[in-house]
2 protein chains.
Amino acid sequence: MTRHKNTEQKIFDAATELFLEKGVDRTSVRDIAAKAGINLALLNYYFRTKENLFNSIFSELMKENTRKLIEILDSDLSLEEKIQKYVAEYTDVLLENPLLVSFVMAILHRSWDKITQLEAISYLYGTEKFTQQLFDEAKKGNIRKTNPTQFFVDMLSLITFPFAIKLLIMDKASITEDEFKTFIRERKKRVPRILINELKIK
Amino acid sequence: MTRHKNTEQKIFDAATELFLEKGVDRTSVRDIAAKAGINLALLNYYFRTKENLFNSIFSELMKENTRKLIEILDSDLSLEEKIQKYVAEYTDVLLENPLLVSFVMAILHRSWDKITQLEAISYLYGTEKFTQQLFDEAKKGNIRKTNPTQFFVDMLSLITFPFAIKLLIMDKASITEDEFKTFIRERKKRVPRILINELKIK
DNA sequence: GTCTATAATTTGATAGAC
DNA sequence: GTCTATCAAATTATAGAC
């Protein structure tokens with residue numbers, strides 16, 4: 001069934017692309033309607049306001065991209081395997097959608113009150129089970145005692161930040177888009193090594 | 001001399017504060033004029049356009065905040081000391097100006113062509129001397145052979161990213177502003193340890 | 001240098017016909 | 001469901017008086 005998208009989906013896709021590329025504030029609803037190939041009034045018929053459209057898109061993007069990550073954190077893998085899988089999967093998600101990081105960070109910089117009401121935001125952070133696992137392994141003497149929040153922040157930083165400064169890296173290291181991807185793929189081995197090293201008892 | 005600021009400085013300061021707090025796009029020149037306690041037309045008399053005002057502020061912020069960091073990277077300290085000092089100093093800069101990170105990252109997400117023309121952006125990245133030092137130490141067998149760009153990205157990520165997700169951390173870990181600062185200060189020991197560990201030959 | 005007033009454009013949103 | 005036409009508000013920028 002090579003169906004053509006329905007109107008709602010066309011608007012949704014056009015808006016997603018523009019929001020990611022130019023940011024929410026610099027994207028007008030007129031631009032979105034134009035890109036979707038429909039009329040401005042029709043956009044308003046489906047999504048009543050720009051704010052509403054944004055909320056839908058944000059929630060959807062978060063759910064879509066974090067489902068697998070949560071599964072990994074909540075799995076029964078060993079800590080070491082879990083870290084390796086999480087880093088690899090997260091990296092792959094961002095390789096496919098490299099604008100996601102700066103988009104989310106722009107959102108985080110906005111009015112926090114509104115954001116916290118979006119249930120979607122919680123998907124960004126670690127899970128209870130993972131925290132517990134760090135705690136238990138330390139108690140058993142298998143790893144260094146560590147602050148789980150610090151450790152999770154280390155992990156998030158090393159995985160996502162390079163995407164936020166992608167253009168800076170490409171510029172300064174004089175590399176192409178493809179070479180940047182290689183650069184990132186190298187980190188799938190590098191980052192878990194750093195993290196696991198930090199947990200080892202010396 | 002408790003001089004009152006001249007008009008240009010008043011505009012500059014008001015704009016800086018608003019840009020950092022609300023982002024460039026969500027700040028109108030009217031807001032800036034109001035905050036500076038002057039008229040809208042006068043703002044235009046000093047800085048011809050909003051874009052121009054932004055460029056001035058961005059350049060100034062970069063220069064101001066990276067001067068000391070460059071000095072450290074270009075000093076004759078040992079690699080280990082250098083990393084420790086750099087992390088500590090950078091962390092302090094951001095503790096004093098926590099909105100700087102998301103501001104800069106929002107800028108990086110904008111039209112890159114315009115940004116690269118701002119000489120200021122180069123201050124963000126490492127120096128030739130530091131890269132050379134990593135290279136030399138590896139050659140002498142004192143540290144693991146490493147990709148300097150990867151290493152510098154690790155360092156930048158671990159230092160700055162936590163500030164970008166400050167509100168997320170505070171929300172999820174249920175901590176106050178002050179506790180967040182403590183959280184960050186703990187990283188002045190943590191981050192160098194992680195980085196130096198990564199360089200050690202196993 | 002500083003102001004008032006206003007032009008010119010853009011933007012989010014709606015009314016109303018088909 | 002989809003469109004044309006338009007409103008109302010906000011925004012950047014300028015003209016011109018003092």
Side-chain angles (χ1 to χ4, degrees), chain A residues 1 3-60 103 106-107 109-111 113-115 117-118, chain B residues 1 3-60 103 106-107 109-111 113-115 117-118:
Chain A
M1 296 274 271
R3 299 268 292 98
H4 52 286
K5 291 186 264 188
N6 65 20
T7 302
E8 184 169 358
Q9 192 63 42
K10 276 193 287 188
I11 297 171
F12 193 92
D13 292 348
T16 301
E17 205 168 318
L18 286 171
F19 282 168
L20 283 172
E21 183 192 325
K22 309 206 304 167
V24 177
D25 294 322
R26 299 167 78 87
T27 300
S28 73
V29 286
R30 278 186 161 79
D31 286 346
I32 298 171
K35 179 152 199 156
I38 55 111
N39 189 273
L40 171 60
L42 194 53
L43 188 153
N44 228 279
Y45 172 79
Y46 281 98
F47 305 86
R48 298 203 337 270
T49 66
K50 184 184 179 180
E51 182 73 14
N52 200 40
L53 174 57
F54 161 74
N55 286 347
S56 302
I57 288 176
F58 185 71
S59 296
E60 186 58 27
F103 175 72
I107 303 310
H109 188 215
R110 285 168 159 240
S111 52
D113 296 345
K114 284 185 192 167
I115 304 298
Q117 286 166 10
L118 295 177
Chain B
M1 298 274 272
R3 299 266 295 94
H4 52 284
K5 291 186 262 188
N6 65 21
T7 302
E8 184 169 357
Q9 192 62 44
K10 276 194 286 188
I11 297 171
F12 192 91
D13 291 347
T16 302
E17 204 168 318
L18 287 171
F19 282 169
L20 283 172
E21 182 192 326
K22 309 205 304 170
V24 178
D25 295 323
R26 299 166 80 85
T27 299
S28 73
V29 285
R30 273 188 161 77
D31 286 347
I32 297 171
K35 179 151 199 155
I38 55 109
N39 188 273
L40 172 60
L42 194 52
L43 189 152
N44 226 279
Y45 172 78
Y46 282 98
F47 304 86
R48 297 205 339 267
T49 66
K50 184 183 179 181
E51 182 72 13
N52 200 40
L53 175 56
F54 161 73
N55 285 348
S56 302
I57 288 177
F58 185 71
S59 295
E60 186 57 27
F103 175 72
I107 303 311
H109 188 214
R110 284 169 158 239
S111 51
D113 296 344
K114 284 184 193 168
I115 305 296
Q117 286 166 9
L118 296 178

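FYI, side chains are in, hydrogens and waters are out, and symmetry mates aren't considered; it's all heavy atoms of this structure. Residue numbers begin at 1 in each chain, while the letters A, B, ... track the order of the sequences. Keep in mind that what you see is a predicted model, and the values were worked out from it rather than measured.
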K.L.:
By ring pair (Phe, Tyr, Trp, His ring centres under 6.0 Å), which residues pair with B:Phe47, not counting sequence neighbours?
P.N.:
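Ring pair (Phe, Tyr, Trp, His ring centres under 6.0 Å) list for B:Phe47, sorted by chain: empty.
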K.L.:
Kindly state which residues belonging to residues 42-52 of chain B come within less than 4.0 angstrom of DNA chain C, counting heavy atoms of the residue only, listed by number.
P.N.:
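Going residue by residue through residues 42-52 of chain B, the ones with a heavy atom under 4.0 Å of DNA chain C turn out to be B:Leu42, B:Tyr45, B:Tyr46.
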K.L.:
Once you round it to whole Å, what is the distance between C1' of C:dT11 and CZ of B:Arg26?
P.N.:
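Taking CZ of B:Arg26 and C1' of C:dT11, I get 14 Å after rounding.
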K.L.:
Could you pull out all residues at least two apart from B:Asp25 that satisfy side chain to side chain donor-acceptor pair (under 3.5 Å)?
P.N.:
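A:Arg26, B:Arg110.
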K.L.:
Under 4.0 Å from OP1 or OP2 of D:dG1: is there any side-chain N or O of A:Thr7 that close?
P.N.:
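Indeed not, no polar side-chain atom of A:Thr7 lies that close.
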K.L.:
D:dT11 C1' sits how many Å from B:Leu18 CG, rounded?
P.N.:
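Result: 15 Å.
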K.L.:
Can you list everything that forms a ring pair (Phe, Tyr, Trp, His ring centres under 6.0 Å) with B:Phe58? Sequence neighbours excluded, please.
P.N.:
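Partners of B:Phe58 by the ring pair (Phe, Tyr, Trp, His ring centres under 6.0 Å) criterion, ordered by chain and then number, come out as B:Phe54.
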K.L.:
Could I get the full list of side-chain contact (heavy atoms from CB on, under 4.5 Å) partners for B:Ile115, not counting sequence neighbours?
P.N.:
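B:Ile115 satisfies side-chain contact (heavy atoms from CB on, under 4.5 Å) with B:Ile107, B:Trp112, B:Ile121 only.
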K.L.:
Are any protein N/O atoms closer than 3.5 Å to N/O atoms in nucleotides 6-8 of chain D? If there are, list each pair with its distance.
P.N.:
none

K.L.:
Measure the distance from CG on B:Asp25 to P on C:dT11 and round it to the nearest whole Å.
P.N.:
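The distance from CG of B:Asp25 to P of C:dT11 comes to 11 Å, rounded to the nearest Å.
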K.L.:
Going by the salt bridge (charged side-chain N to carboxylate O under 4.0 Å, His left out) test, which pairs reach into residues 29-40 of chain A, not counting sequence neighbours?
P.N.:
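The answer is A:Glu17-A:Lys35, A:Lys22-A:Asp31.
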K.L.:
Scan residues 40-59 of chain B for pairs that pass side chain to side chain donor-acceptor pair (under 3.5 Å), counting only residues two or more places apart or in two chains.
P.N.:
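Found none.
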K.L.:
Only counting residues at least two apart or in another chain, list the ones meeting side chain to side chain donor-acceptor pair (under 3.5 Å) with A:Gln9.
P.N.:
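Residues passing side chain to side chain donor-acceptor pair (under 3.5 Å) with A:Gln9: A:Asp13.
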K.L.:
Kindly calculate the angle separating the two end axes of the helix from C:dG1-D:dC18 to C:dC18-D:dG1, each obtained from five base pairs, and round it to 10 degrees.
P.N.:
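Overall, the helix from C:dG1-D:dC18 to C:dC18-D:dG1 bends by 10° from one end axis to the other.
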K.L.:
Which atoms of nucleotides 15-18 of chain D (N or O only) lie under 3.5 Å from a protein N or O atom, and what are those distances?
P.N.:
none

